[in-house]
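Just below is one structure, and these are the notes that go with it.
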Amino acid sequence: MKSPITVAVTGAAGQIGYSLLFRIASGSMFGPDQPVALRLIEIEPGMAALGGVVMEIDDCAFPLVHSITPTSDINEGFKGVNWALLVGSVPRKAGMERKDLLNINGKIFTGQGQAIAKNAASDVRVLVVGNPCNTNCLIAMNNAKDVPADRWFAMTRLDENRAKSQLAAKAGVHVSEVSNVAIWGNHSATQYPDFYNAKIGGKAATDVIKDEAWLQGEFISTVQQRGAAIIKARGSSSAASAANAVVDTVRSLTTPTPAGDWTSVAVCSDGSYGVEKDIITSFPIRSNGSKWEIVQGVPVNEFSQGKINATIQELKEERDAVKELGLI
Ligand SMILES: NC(=O)C1=CN([C@@H]2O[C@H](COP(=O)(O)OP(=O)(O)OC[C@H]3O[C@@H](n4cnc5c(N)ncnc54)[C@H](O)[C@@H]3O)[C@@H](O)[C@H]2O)C=CC1
Ligand SMILES: O=C([O-])CC(=O)C(=O)O
């Protein structure tokens with residue numbers, strides 16, 4: 001039996017938590033022979049509901065669950081964690097942009113960054129889901145200077161999965177035929193889902209879908225606005241698909257990327273592709289199972305460059321706003 005991986009999930013009693021915990025516990029995230037120690041973090045008002053979720057995890061009798069620690073104390077919650085999944089925060093409502101949440105959610109991530117630096121395992125990796133996730137990740141990272149920059153991630157995998165699904169539907173093929181979909185920039189309405197480098201059945205997506213006006217227009221806006229469309233339809237923001245994307249993100253970072261493909265996650269920019277350094281922005285990345293790298297040499301044409309510039313500009317503005325708030 002392997003020794004357990006310790007995973008912290010904040011907002012564990014929330015919508016995403018309710019889908020995510022059972023996927024982690026069943027082995028979907030770390031594999032079918034990897035035990036997990038769950039550290040479930042909630043604010044005090046969420047603790048009663050979290051107690052119910054813990055009862056349900058118990059009632060699944062998962063063979064891989066080594067232990068469950070529900071807590072509202074972040075120092076206890078992040079103790080010894082190898083992975084910290086920062087979900088807990090307020091979701092937006094209809095009519096809001098994700099960055100409207102910065103004032104509400106931003107300050108959560110200063111304390112959590114500090115508590116991670118103080119308590120987590122030396123190999124900790126952190127994935128921020130709570131919105132606006134790129135800039136919340138920037139806040140946490142800047143409040144945890146001892147944790148190297150390559151351990152911080154913010155989630156754009158849901159956007160990648162959405163983009164793949166839209167391309168597959170338009171091309172009339174199964175989604176598994178779609179590869180090399182890069183999301184650039186912010187998890188927001190300015191993100192750029194890059195169809196120029198995407199492949200369908202191994203061919204350039206633009207050779208399979210000949211409708212470039214659709215690709216440049218409706219495709220991009222559908223992906224950018226998908227979160228809002230779900231809020232409108234469901235009355236609350238996407239949860240099961242978000243939890244699924246968390247599982248996909250961690251799996252993609254901890255298992256080798258298939259040859260020739262890449263995946264999307266927001267990481268601390270090292271200046272690749274001329275992007276401002278030290279902001280958290282989505283790139284195409286590859287992993288060998290333990291180390292990841294930004295894929296270099298992906299062609300960026302003039303159209304793509306314009307879209308990337310716009311989303312990076314928004315991230316710089318968000319960074320400046322949180323600097324002004326004293327959060328970084
Ligand atoms: N990056 C992405 O692709 C996506 C991000 N999200 C974001 O994820 C976040 C969570 O969404 P839901 O689970 O639907 O919200 P929710 O409101 O159902 O659950 C959030 C939970 O977090 C808890 N919480 C609040 N502050 C906390 C803190 N300081 N520490 C620990 N727990 C805290 C709340 O008590 C609540 O139980 C939202 O910010 C949402 O916008 C949602 C979908 C996709
Ligand atoms: O749109 C929202 O507020 C929730 C979210 O991040 C998404 O569904 O992509």
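In what follows, every heavy atom counts, from backbone to side chain, and hydrogens, waters and symmetry copies are set aside. Ligands are counted one by one from 1 in listed order, and the atoms in each one are counted from 1 as well.
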Closest candidate by heavy atom, reference atom 15 (O) of ligand 1, pool P91, G14, A12: P91

For atom 8 (O) of ligand 2, the protein heavy atom that lies nearest, with its residue and separation: S238 OG, 2.4 Å

D159 contact mode with ligand 2 (heavy-atom cut-off under 4.0 Å): neither

Region of V90 that comes within reach of ligand 1 [heavy atoms, distance under 4.0 Å]: backbone

Geometric class of the W184/F283 ring pair [parallel <30°, tilted 30-60°, perpendicular >60°]: perpendicular

N or O contact, G46 vs ligand 1, cut-off under 3.5 Å: no

Protein contact of atom 18 (O) of ligand 1 - nearest heavy atom, named by residue and atom, plus distance: Q15 N, 2.8 Å

Nitrogen or oxygen atoms of N131 and ligand 1 under 3.5 Å apart: yes

Stacked cation flag K170 on W214, 6.0 angstrom / 45 deg: yes

For atom 27 (C) of ligand 1, closest protein heavy-atom neighbour: I43 CG2, 3.6 Å

Spacing of N136 atom CG and R98 atom CZ [to the nearest 0.5 Å]: 12.5 Å

Presence of salt bridge, D33 and K2, under 4.0 angstrom: yes

I230 touching ligand 2 at heavy-atom level, < 4.0 angstrom: no

Nearest neighbour in protein (non-hydrogen) for atom 29 (N) of ligand 1: I108 CG2, 3.4 Å

Heavy-atom donor-acceptor pair, T255 side chain to R251 backbone, under 3.5 Å: yes

S89, G11, A239: member with heavy atom nearest to atom 20 (C) of ligand 1: S89

Protein heavy atom at shortest distance from atom 3 (O) of ligand 2: R92 NE, 2.5 Å

Residue, atom name and distance, where the atom is the protein heavy atom closest to atom 5 (C) of ligand 2: R98 NE, 3.4 Å

Any N/O pair G17/ligand 1 closer than 3.5 Å: no

Point-to-point distance, once rounded to the nearest 0.5 Å, from OG of S269 to CD1 of I294: 6.0 Å

For atom 1 (N) of ligand 1, closest protein heavy-atom neighbour: V129 O, 3.3 Å

Taking atom 10 (C) of ligand 1 as the reference point, the nearest protein heavy atom with its distance: V87 O, 3.3 Å

Cluster check L253, V87: I/L/V/M/F/W/Y, side chain < 4.5 angstrom: yes

For C133, the ligand 1 atoms whose distance to one of its heavy atoms is below 4.0 Å: 1 (N)

Evaluation steps, side-chain contact (heavy atoms from CB on, under 4.5 Å), between I24 and L20: CA-CA 6 Å; I24 300 171; L20 177 60; 3.8 Å; yes

With D73 via salt bridge (charged side-chain N to carboxylate O under 4.0 Å, His left out) - residues at least two apart: none

Any R226 heavy atom less than 4.0 Å to ligand 2: no

Any donor-acceptor N or O pair under 3.5 Å, side chains R157, T263: yes

Between CG on residue D194 and CD1 on residue I183, distance to nearest 0.5 Å: 8.5 Å

Nearest protein heavy atom with distance in Å, relative to atom 33 (C) of ligand 1: G88 CA, 3.8 Å

From Q112, R226, M155, R157 - option closest to atom 30 (N) of ligand 1 by heavy atom: Q112

Per-residue contact class, K93 against ligand 2 - non-hydrogen pairs under 4.0 Å: neither

Residues V300, Y196; criterion side-chain contact (heavy atoms from CB on, under 4.5 Å); working and verdict: CA-CA 8 Å; V300 175; Y196 279 114; over 6 Å; no

Residue and atom name of the nearest protein heavy atom (relative to atom 2 (C) of ligand 1), distance in Å to one decimal: H187 NE2, 3.2 Å

Side chain E318, main chain N186, donor-acceptor under 3.5 Å: no

Cluster check V129, V9: I/L/V/M/F/W/Y, side chain < 4.5 angstrom: yes

I231 and ligand 2 - part of the residue with a heavy-atom distance under 4.0 Å: side chain

Closest approach of any protein heavy atom to atom 11 (O) of ligand 1, naming residue and atom: I16 CD1, 3.5 Å

Protein heavy atom at shortest distance from atom 6 (O) of ligand 2: H187 NE2, 2.6 Å

